[in-house]
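Here the structure comes first, spelled out in structure tokens, and everything after it is commentary.
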Amino acid sequence: MKQYTDNNDRRSFLKRCFGTSCGFSATLLLSPLLARKAYGREVGGDKIGEKPFARIEKLHEGVYALISTPFTKDGKSGDLSTHSNGGLIIGKDKILAIDSYRTPAGASYMADACLAITGRLPTHVVNTHFHFDHLGGTRAFMRDNANPEVIMTQTTRELAFETYRKTVPHPDSPDLSISTLNKWGGYLSDASAIITDEGKPLTLDLGGRTVTITPMSGHTASDLVITDDLSGTTFGGDLIWDGIFPNFMSSLPSQWIKSVESILEKSEGVIVPGHGSVRKVNSASTKSYRSLLAEIENHARVSQHKGITSDQAAKEFKLAESLGNYSYFRNGFHEIAMAAWYGEINK
Ligand SMILES: [Zn+2]
């Protein structure tokens, strides 16, 4: 089994695996292929392109962010082709794509941009965590027989397979089943390189620049934070949200806060959130997000101490005006947040 070795301290972090389950870009297809507010609207870098569902911003030389804009102007759900943010870091030898969005159609926008900028497709794709809107479009980076190395942590890979192997009735033909990922327009592309040591950062040399991949957790059991060492740009995955209430569905809430504190403490450049606009580390929006996480925790602890249910606590939760405006992907996010905190407090 081939292993990568970290450039700095020679420890092995990445284990490349070959065999029936990984080492190739296997795609999980379990069924026939089927066919709010100001969220994400603030431009952080130089806009180089725009689609109804996203725009691409140049943040620094060789560093690009795709910022999804999945809501209509009146806050309704719009085009979810990409749904989440992602990025591109371009070295002399290698090109790293950060996340692969919700659908291949969405990821194609970034693949097209990469081709236009560099004449090549990404050589590496890293999935920050297992949620469908961050990994469903990987196959778009495999066009023209491209074979990018698909990197994820072992935990993320296990969670992705565990979650997306489940099937649900086909929306149009109840006799057929469809994987939950296919239902949302995505496809599961397997990892070809796995991060097995989830306790230490990994350095990836792209040629002329290095990228640090830091395993963390909190939004899910395994989250990756990607930093371009040259510009200090940090891609926070879904540990960082901007202007939208975060999803606690798979979370470890207290660990999430610790990870956010660590990111904000170490960040030297701009931060690309998993959802929302690119922000400076000291921006009012970033501070609001940190305060929001604290308010959610405080409300959960006080409510639990009073003996009320988590659903009741969710109903009573009001965002302080000082936090500014937050959008919601859908109803029920307060309930999910309180349930996550109650689960942790009652352990
Ligand atoms: Zn997520």
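One-based numbering, in listed order, for ligands and for the atoms of each.
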**Prompt:** Would you say the side-chain atoms of Thr82 and Ser68 include a donor-acceptor pair closer than 3.5 Å?
**Reply:** yes
**Message:** What I want to check is whether the side chains of Thr220 and Ser222 have a donor and an acceptor closer together than 3.5 Å.
**Reply:** no
**Request:** To the nearest 0.5 Å, tell me how far Thr156 OG1 sits from Ile195 CD1.
**Result:** 8.5 Å
**Prompt:** His134 and His83: aromatic ring centres closer than 6.0 Å?
**Reply:** no
**Request:** Quick one: give me the number of protein N/O/S atoms under 2.8 Å from the Zn ion (ligand 1).
**Result:** 4
**Message:** Could you see if Phe333 belongs to whatever hydrophobic cluster contains Ile244? Use Ile, Leu, Val, Met, Phe, Trp, Tyr and a side-chain cutoff under 4.5 Å.
**Reply:** yes
**Complete:** Sorted by chain and number, sequence neighbours left out, side-chain contact (heavy atoms from CB on, under 4.5 Å) with Thr103 holds for Ser81, Ala105
